[in-house]
Number of protein chains: 2
Amino acid sequence: MEPDDTLREALRLAVDPPGGVSIEALRELARDDDATAWDVATTAAHLGVNPHTLRYYERIGLVCVPRDGAGHRRYDAAAVRRLLFLVRMRTSGMSISDLRHYVDLVDADRDTVNERMDMLLEHRDTLRSQIAQLQLALAATEYKIATYREGPRP
Amino acid sequence: MEPDDTLREALRLAVDPPGGVSIEALRELARDDDATAWDVATTAAHLGVNPHTLRYYERIGLVCVPRDGAGHRRYDAAAVRRLLFLVRMRTSGMSISDLRHYVDLVDADRDTVNERMDMLLEHRDTLRSQIAQLQLALAATEYKIATYREGPRP
DNA sequence: CTAGAGGTGTGAGCGCACTCGAAGGCAAGC
DNA sequence: GCTTGCCTTCGAGTGCGCTCACACCTCTAG
């Protein structure tokens with residue numbers, strides 16, 4: 001990668017709000033298969049996680065990452081796609097063990113679509129109730145803020 | 001408490017979806033001050049947490065709970081109000097140390113309304129971005145579900 | 001040729017938020 | 001009187017999800 005590109009990327013990463021990091025770049029990479037390949041630092045930066053975390057995910061079998069001649073990780077489109085999914089699910093509260101179960105299903109020989117569907121449906125429900133919970137908390141917080149605003153000495 | 005009431009309450013607790021547990025009962029208790037007082041098990045059940053957790057919260061100074069003659073905890077309206085707030089904030093991701101800071105401000109002699117406001121505003125922002133994140137994850141999950149539905153063998 | 005910035009695998013360490021265990025106190029029912 | 005059961009305190013243990021330290025390796029620039 002050229003120094004200019006590095007600088008530009010660093011700037012963009014600094015500007016992008018955390019969590020919404022570089023979805024576009026990921027889309028791009030994920031689109032044209034096996035054209036690109038990122039090293040662990042780049043991938044971690046794009047996904048907004050610690051490089052250690054990526055190595056950890058690989059260690060526990062969540063993802064399989066090809067190597068270059070020097071034995072360094074080269075994240076291809078497939079790996080990044082899976083990691084993007086993993087990070088999204090983690091961020092939204094799915095546990096590591098559930099994710100292991102899920103990727104075991106994905107990597108299994110037999111047809112596991114139904115089981116995966118069940119997991120996804122369950123997670124969808126979890127997400128919905130989480131969102132409802134948070135909206136309740138948000139309402140409570142906003143109410144408290146409003147009362148503080150109204151009566152400076154409640 | 002009469003056996004009938006206990007049964008009724010157990011039923012209601014069993015029926016109520018977790019998280020939405022007994023908000024009404026809490027409102028009731030919180031309304032008529034110092035009329036009622038719950039023991040640790042009842043309070044924990046109403047708040048949907050482990051009794052150990054309530055003792056832990058007290059130990060680390062998040063809440064102050066009066067005792068009866070036998071030294072047993074009797075949760076009055078003030079304690080329950082605070083715990084309700086604490087549980088809501090914990091559920092929505094505020095850390096224990098932040099909560100300690102907040103209650104320190106509440107319990108301080110000096111006027112700390114501004115600082116508390118700042119914390120609340122920050123938490124509100126956190127909640128909003130959390131909700132946005134979750135909605136993103138939900139959309140991704142629903143998309144995946146939809147693709148599974150369309151092509152049984154993707 | 002050498003320094004330095006990155007990479008590697010692996011075991012161990014950390015912080016958080018509970019959660020439990022042990023030893024004992026009190027009050028009601030048989 | 002004694003069992004039962006819920007309560008008390010306090011220290012210690014647990015599980016999760018990273019996060020780090022270490023010893024070593026590999027490429028690049030000066």
Side-chain angles (χ1 to χ4, degrees), chain A residues 1-3 5-7 9-10 18 37-76 79 83 85-103 126, chain B residues 1-3 6 9-10 18 37-76 79 83 85-103 126:
Chain A
M1 192 184 276
E2 295 292 316
D5 290 350
T6 312
L7 179 61
E9 182 156 313
W38 292 340
D39 62 17
V40 69
T42 311
T43 313
H46 277 95
L47 289 164
V49 301
N50 192 316
H52 286 297
T53 304
L54 294 186
R55 299 198 191 97
Y56 167 68
Y57 282 2
E58 187 180 357
R59 244 204 293 190
I60 63 174
L62 284 180
V63 63
C64 183
V65 183
R67 304 302 155 107
D68 65 7
H72 293 192
R73 288 173 180 78
R74 313 258 61 200
Y75 289 85
D76 61 3
L83 282 171
F85 171 73
L86 292 172
V87 169
R88 274 227 191 89
M89 292 300 111
R90 282 289 310 129
T91 306
S92 61
M94 190 180 272
S95 73
I96 291 278
S97 63
D98 278 2
L99 283 171
R100 277 172 70 164
H101 184 200
Y102 187 87
V103 304
T126 310
Chain B
M1 193 184 274
E2 295 291 315
T6 312
E9 182 158 313
W38 291 340
D39 63 16
V40 68
T42 311
T43 314
H46 277 97
L47 290 164
V49 301
N50 192 316
H52 286 297
T53 305
L54 294 187
R55 299 196 192 96
Y56 167 68
Y57 283 1
E58 187 181 355
R59 244 201 293 188
I60 64 175
L62 283 181
V63 63
C64 183
V65 184
R67 306 301 157 107
D68 64 8
H72 292 191
R73 289 173 178 78
R74 314 258 61 199
Y75 289 85
D76 61 3
L83 282 171
F85 171 73
L86 292 172
V87 170
R88 273 227 192 89
M89 292 301 109
R90 280 291 308 127
T91 306
S92 61
M94 190 179 274
S95 72
I96 291 278
S97 62
D98 277 3
L99 283 171
R100 276 171 71 165
H101 184 200
Y102 186 87
V103 304
T126 310

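The chains referred to below are lettered A, B, ... by the order of the sequence lines, with proteins before strands, and numbering in each begins at 1. These figures come from a predicted structure and were not determined experimentally.
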B/Glu58 CD to D/dC7 P, in whole Å, measures 14 Å
Separation of D/dT19 P from A/Arg59 CZ (nearest whole Å): 13 Å
Rounded to whole angstroms, how far apart are CG on A/Leu62 and P on D/dC16? 14 Å
Counting the atoms with a prime plus P, OP1 and OP2 as sugar-phosphate, which does B/Arg67 contact under 4.0 Å by heavy atoms, base, sugar-phosphate, or nothing? sugar-phosphate
Rounded to whole angstrom units, what separation is found between the CG atom of A/Asp68 and the P atom of D/dC25? 17 Å
Is the phosphate of D/dC10 approached by B/Tyr56 (side-chain N or O, under 4.0 Å from OP1 or OP2)? no
Starting at the 5' end of DNA chain C, which residue's closest nucleotide do you reach first, B/Ile96 or B/Gly69? B/Ile96
Just to be sure I understand the rule, does B/Arg55 reach a base, reach only the sugar-phosphate, or reach nothing, if contact means heavy atoms closer than 4.0 Å? base
When rounded to whole Å, the CG to C1' distance for the pair A/Asp39 and D/dC25 reads 16 Å
Need to verify one output field. Residue with the more 5' nearest nucleotide on DNA chain C, B/Ala70 or B/Gly93? B/Gly93
With a cut-off of less than 4.0 Å, is there a side-chain N or O of A/Ser97 near OP1 or OP2 of D/dC16? no
Could you label the plane-to-plane angle of the A/His46 and A/Trp38 rings as parallel, tilted or perpendicular, counting under 30° as parallel and over 60° as perpendicular? parallel
Given atom CD1 of A/Ile60 and atom P of D/dC16, what is their separation to the nearest angstrom? 11 Å
Hey, is the side chain of A/Asn50 poking within less than 4.0 Å of OP1 or OP2 on D/dC20, counting only N and O atoms? yes
Shortest non-hydrogen separation from A/Met89 to A/Leu99 and the atoms involved: CB-CD2, 3.7 Å
Any side-chain N or O of B/Arg73 under 4.0 Å from OP1/OP2 of D/dT8? yes
In whole angstroms, how far is the P atom of C/dG6 from the CZ atom of A/Arg74? 15 Å
Length of the line joining B/Trp38:CH2 and D/dC7:P, which is rounded to integer Å: 15 Å
Hey, which sits more toward the 5' end of DNA chain D by its nearest nucleotide, A/His72 or A/His52? A/His52
